[in-house]
Undergrad: 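The structure's right below; bear with me while I get my questions together.
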Protein chains: 2
Amino acid sequence: MQPKHPANSEAPSRALTDYPRPSVAVDTALLTVADRALSVVLVQSGDRPALPGTFLHEGETLRDAVLRSLRVKCGISGLEPRQLRVFDAPGRDTRGWVLSVAHLDVVPARDLTLDASLAHPTAVGSARTLPLMYDHAEIIELAVDALRAEYADRPDPRPLLPEPFTLRELQTLHEAIAGERLPRDAFRRRMEPLLTDTGELSRGTRGKPARLFRRTPDPRR
Amino acid sequence: MQPKHPANSEAPSRALTDYPRPSVAVDTALLTVADRALSVVLVQSGDRPALPGTFLHEGETLRDAVLRSLRVKCGISGLEPRQLRVFDAPGRDTRGWVLSVAHLDVVPARDLTLDASLAHPTAVGSARTLPLMYDHAEIIELAVDALRAEYADRPDPRPLLPEPFTLRELQTLHEAIAGERLPRDAFRRRMEPLLTDTGELSRGTRGKPARLFRRTPDPRR
DNA sequence: GAAATAGTGTCTGTAAGACACTATCGG
DNA sequence: CCGATAGTGTCTTACAGACACTATTTC
């Protein structure tokens, strides 16, 4: 006899708690752009690096569990986690039946005040060569792809840049995320209509001063 | 004291099972194209329609749980469920702490042999007006968007059409999924290079016989 | 003035939408 | 022949990439 789905169960013969339940964890690829390189925050877990994560508490949403794990392990708050997918391979955790809901989150490098002995950002290129825990390497790949898709046709949706910013600063950010150089003129033509010109100019920089922009308040994409 | 994440736990002071765990269910938007309309299979659950679903069993993957629920409730097999996202609002199930992993799956209408008293396909337009269970209306929206994205630039990735097929048949399928008419010539120019011409022609149809195509074996997208 | 960066204009290739035309079947 | 559908060609518009040129600052 198998348990009936709640949506199909008018009078379940046994309580939900009579059936075995998995432990549910969250693991988060916390991405940032440091020194023009897209990086992921890794914590040390026994003998190998891993993504920050925690178990889901009772009465807590997945989002709150992610925020709690990042607050505790990285001392940051105010983020917007996005679900990637559930990892459910039966043997993925040797100590029991554990599902992990992989997440992506993003933080400006200047807001990262990490205890360097516990957590540190690593360029995603280098992270690929590390012996990461479980399916964490795959989570990072998913997170990078998801972030690239978010940034492909929008100026800094998360956001990562402090306002106001120049088009050059925006392009440098997009190039770090895309992992490749972008054509300057085409980038400008695509992004400028999506930004709001402040009318001000950058000062104290080398070369001709650049116009400063703000993000245009969300016109629903 | 909070439980440590397994990835950070060398010697956990307590076993995983000492902490409260949620029940985990799967719910699936099973989509099909019937009579030129994109439809979703609904089952009756007490007083309202719902998506087919079940609880995750121990040692079972989410994929297997989805396949089991569709086999039991709709008598179909051999599908490819795709995760959409986890629904985790604390109050979403009145009987306890239940997470639901929403899935999308697709089946050709001719393979649907439903017990009509238990399950039946409903056009997604009409389904929007029904009083569905829990978050099932939102799951359907996610599923439709995901399927549209899968079909936007590929001929028949799932697949839904029996081979061989004409470009007209393929276009009718795409129009049902997209929910709108598509320009005939542009559709042809985009899709024909992605198909393999069988060299055969349709027969017994009205008008000029059309060339018959097969899907080109997956060149990785 | 030299170096560096910002901003703009032009050309080309590609792809989509609109439209029209020809081709080939059943009746 | 007529109606219907298949298949193709052309025009226009939009946009990206490539490239070049001008503009304005710091040093």
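Remember, it's a predicted structure, so these values are computed and weren't measured experimentally. Lettering follows sequence order; numbering is per chain, from 1.
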Undergrad: Considering every strand and a 4.0 Å limit on heavy-atom distances, what is the contact class for B:R168: base, sugar-phosphate, or nothing?
TA: sugar-phosphate
Undergrad: Side-chain N or O of A:R188 less than 4.0 angstrom from OP1 or OP2 on C:dG7?
TA: yes
Undergrad: In whole angstrom, give the distance that lies between atom CG of B:L212 and atom C1' of D:dG7.
TA: 14 Å
Undergrad: Under 4.0 Å between any heavy atoms, over every strand shown, what does A:R211 touch: base, sugar-phosphate, or nothing? Just pick one.
TA: sugar-phosphate
Undergrad: Please state how far atom CZ in B:R184 lies from atom C1' in C:dA20, giving the value in whole angstrom units.
TA: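 To the nearest whole Å, that distance equals 11 Å.
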Undergrad: Thinking salt bridges, do B:R36 and B:E175 make one under a 4.0 Å N-O criterion?
TA: no
Undergrad: Rounding to a whole Å, what distance do you find between B:E200:CD and D:dA6:P?
TA: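 Roughly 17 Å, once rounded to whole Å.
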Undergrad: May I have the distance from B:R181 (atom CZ) to C:dA18 (atom C1'), rounded to whole angstrom?
TA: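 About 15 Å, once rounded to whole Å.
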Undergrad: Output the rounded distance in Å from CZ (B:R203) to C1' (D:dA4).
TA: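 The answer, rounded to whole Å, is 20 Å.
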Undergrad: As a quick check of understanding, evaluate side chain to side chain donor-acceptor pair (under 3.5 Å) for B:T196 and B:T216, giving each step before the final call.
TA: CA-CA 5 Å; B:T196 300; B:T216 301; 2.9 Å; yes
Undergrad: Between A:G207 and A:F187, which is nearer to the 5' end of DNA chain D once each is assigned its nearest nucleotide?
TA: A:F187
Undergrad: Would you say B:R206 places a side-chain N or O within less than 4.0 Å of OP1 or OP2 belonging to C:dG26?
TA: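 Result: no.
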Undergrad: Under a 4.0 Å threshold between the charged nitrogen and the carboxylate oxygen, would A:D156 count as salt-bridged to A:R214?
TA: no
Undergrad: CG of A:L182 versus P of D:dA18: gap in Å, rounded?
TA: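 That distance rounds to 11 Å.
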Undergrad: Considering heavy-atom distances to DNA chain D, does A:A186 or A:L201 have its closest nucleotide positioned more toward the 5' end?
TA: A:A186
Undergrad: Would you indicate what A:R190 reaches in the nucleic acid, counting non-hydrogen atoms under 4.0 angstrom: base, sugar-phosphate, or nothing?
TA: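 A:R190: backbone/sugar contact only, no base atoms under 4.0 Å.
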Undergrad: Keeping B:R211 on the side-chain end and B:L167 on the backbone end, is there a donor-acceptor pair under 3.5 Å?
TA: no
Undergrad: Taking only Lys NZ, Arg NE, NH1 and NH2, and the carboxylate oxygens of Asp or Glu, determine whether A:R148 and A:E180 approach each other closer than 4.0 Å.
TA: no
Undergrad: Starting at CG of B:L195 and ending at P of D:dA6, how long is that distance when rounded to a whole Å?
TA: 15 Å
Undergrad: Tell me: NZ of A:K208 to C1' of C:dA4, nearest whole Å?
TA: 12 Å
Undergrad: Contact class for A:T166 vs. all strands (heavy atom < 4.0 Å): base, sugar-phosphate, or nothing?
TA: nothing
